[in-house]
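Nothing fancy with the numbering, it's 1 onward along the sequence. Since the model is a prediction, treat every value here as computed from it, not as a measurement.
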Amino acid sequence: MLLRKLAGDAVAPAPDATCRMRDAGAGRQDVFVASPAGAVQQRALAQQAIATGDAAAADAAFATLQQAGHPLQPAERSQWFALLLQQRKVDAALALQQAHGDLRAPLQQLAMAHALAECGRRSELIDFLQTHQPTFAREVQERQWLYLLAHVDDARPELLRRHRVRFAANRAVQARLASPAVASPAADARPVGEWPPVRDFAGARFALALRAGRFDEALRWCPQAVPPKGDASARSA
């Protein structure tokens with residue numbers, strides 16, 4: 001037993017040597033990641049992680065590519081942006097969006113605004129809504145932007161009222177959102193029966209959901225938001 005212990009102590013590396021070996025291994029890994037083969041590996045890891053639903057691993061692979069100096073393709077940037085929002089890494093997503101113009105498509109602007117609202121970052125949401133006016137391809141997308149504008153209506157009512165609506169059906173929604181029953185900061189404290197002109201159950205649920213930032217619920221309760229029969233695009237959104 002003693003001989004084995006002595007033999008083991010004789011061959012065991014010193015702590016300093018172990019650290020040097022570890023640093024050398026990390027250095028070789030950094031060199032590999034910076035190489036074209038390393039970039040191929042990290043890209044494959046990112047796509048595999050996305051396919052298996054591992055957002056954290058895909059995020060790490062894209063971050064490694066960027067840190068190693070490998071430029072991401074537009075499709076990869078779009079994937080990374082979505083992954084960052086999925087993980088509520090709003091600051092990182094916002095920085096990525098601001099650095100790359102190809103991440104400013106209307107739906108990506110809508111996603112960022114929703115993320116700011118859901119995280120309770122009200123002042124940043126107001127700034128974002130003030131400096132962005134995306135043109136949406138679908139009525140329901142534009143309507144969601146109107147809901148975000150209404151969410152900050154008590155602080156910046158002009159954002160909702162001055163917004164240029166593209167879809168005719170959303171003009172009624174815009175007028176509804178700007179009504180006193182929804183826009184007034186004191187509306188939450190008033191009995192439902194005192195909310196002119198929102199005195200019906202659906203209208204009350206709509207106003208409460210909107211003020212709380214529950215935009216999907218508000219979409220269901222707003223009477224003007226119900227898509228007309230035959231509007232397949234609105235139903236599938």
Side-chain angles (χ1 to χ4, degrees), residues 33 38-152 159 163 166-167 170 209-210 212-220 225 227 232-237:
V33 169
V40 171
Q41 180 195 62
Q42 291 300 314
R43 286 191 160 95
L45 288 173
Q47 297 308 316
Q48 181 181 11
I50 290 172
T52 58
D54 192 341
D59 176 14
F62 285 134
T64 298
L65 282 167
Q66 179 170 269
Q67 292 166 4
H70 299 297
L72 298 180
Q73 299 299 318
E76 293 173 328
R77 281 197 295 270
S78 180
Q79 290 175 323
W80 194 15
F81 176 75
L83 289 166
L84 291 170
L85 290 181
Q86 181 182 339
Q87 299 174 97
R88 289 182 169 268
K89 295 184 177 182
V90 178
D91 288 328
L94 187 58
L96 189 67
Q97 188 178 57
Q98 290 174 341
H100 300 283
D102 57 304
L103 293 177
R104 298 171 193 169
L107 285 182
Q108 290 167 325
Q109 294 181 47
L110 179 62
M112 175 56 69
H114 264 294
L116 291 170
E118 289 168 1
C119 292
R121 298 169 65 161
R122 187 173 173 82
S123 61
E124 292 169 274
L125 173 61
I126 292 173
D127 290 341
F128 191 87
L129 295 173
Q130 183 178 2
T131 55
H132 296 74
Q133 183 159 338
T135 301
F136 295 102
R138 302 179 66 181
E139 177 187 315
V140 69
Q141 296 162 0
E142 182 182 65
R143 190 180 308 132
Q144 290 172 3
W145 189 265
L146 291 175
Y147 286 177
L148 287 163
L149 294 173
H151 188 54
V152 301
L159 296 180
H163 184 78
R166 178 184 180 189
F167 294 93
N170 282 335
L210 180 68
R214 298 191 300 270
F215 303 108
D216 290 339
E217 182 181 342
L219 181 65
R220 294 195 300 270
S233 64
R235 286 198 303 270
S236 62

Closest approach of L146 to N170 (non-hydrogen atoms, all atoms of both residues): CD1-O, 3.7 Å

Atom pair CG (L149) and CD1 (I126), whose distance is rounded to the nearest 0.5 Å: 10.5 Å

CA sep, side-chain torsions, deciding dist, call: H163, W145, side chain to side chain contact (heavy atoms under 4.5 Å, CB included): CA-CA 10 Å; H163 184 78; W145 189 265; 3.5 Å; yes

Minimal non-hydrogen separation, C119 against R88, with atom names: SG-NH1, 3.2 Å

Validation row: Q79, Q47 side chains within 4.5 angstrom (heavy atoms): yes

Steps toward side chain to side chain contact (heavy atoms under 4.5 Å, CB included) verdict (H151, L129): CA-CA 11 Å; H151 188 54; L129 295 173; over 6 Å; no

E76, Q48, H70 screened by side-chain hydrogen bond (donor to acceptor under 3.5 Å, both in side chains) with R43, the one that passes: E76

From CA spacing to verdict: side chain to side chain contact (heavy atoms under 4.5 Å, CB included), R143, F167: CA-CA 9 Å; R143 190 180 308 132; F167 294 93; over 6 Å; no

With D54 via salt bridge (Lys or Arg N to Asp or Glu O under 4.0 Å) - residues at least two apart: none

CE-CG distance between M112 and L125, expressed to the nearest 0.5 angstrom: 11.0 Å

Distance, nearest 0.5 Å, that separates CZ of F62 from CG of L45: 10.5 Å

Minimal non-hydrogen separation, A113 against L148, with atom names: CB-CD1, 3.6 Å

Minimum side-chain heavy-atom gap L103-Q98 below 4.5 Å: no

Nearest heavy atoms of F128 and Q109, plus distance in Å: CE2-O, 3.4 Å

Side chain Q42, main chain T64, donor-acceptor under 3.5 Å: no

Q86 (side chain) donor-acceptor with A82 (main chain) under 3.5 angstrom: no

Taking every non-hydrogen atom, the tightest pair across F136 and P106: CE2-O, 3.4 Å

Distance, nearest 0.5 Å, that separates CG of D127 from CZ of R121: 11.5 Å

Expected output: side-chain Q144 to main-chain L110 donor-acceptor under 3.5 Å: no

Worked verdict on F81 versus H100 for side chain to side chain contact (heavy atoms under 4.5 Å, CB included): CA-CA 11 Å; F81 176 75; H100 300 283; over 6 Å; no

Residue pair E124 / D91: nearest heavy atoms and the distance that separates them: OE2-OD1, 4.5 Å

Non-hydrogen side-chain atoms of P134 and Q108 separated by less than 4.5 Å: no

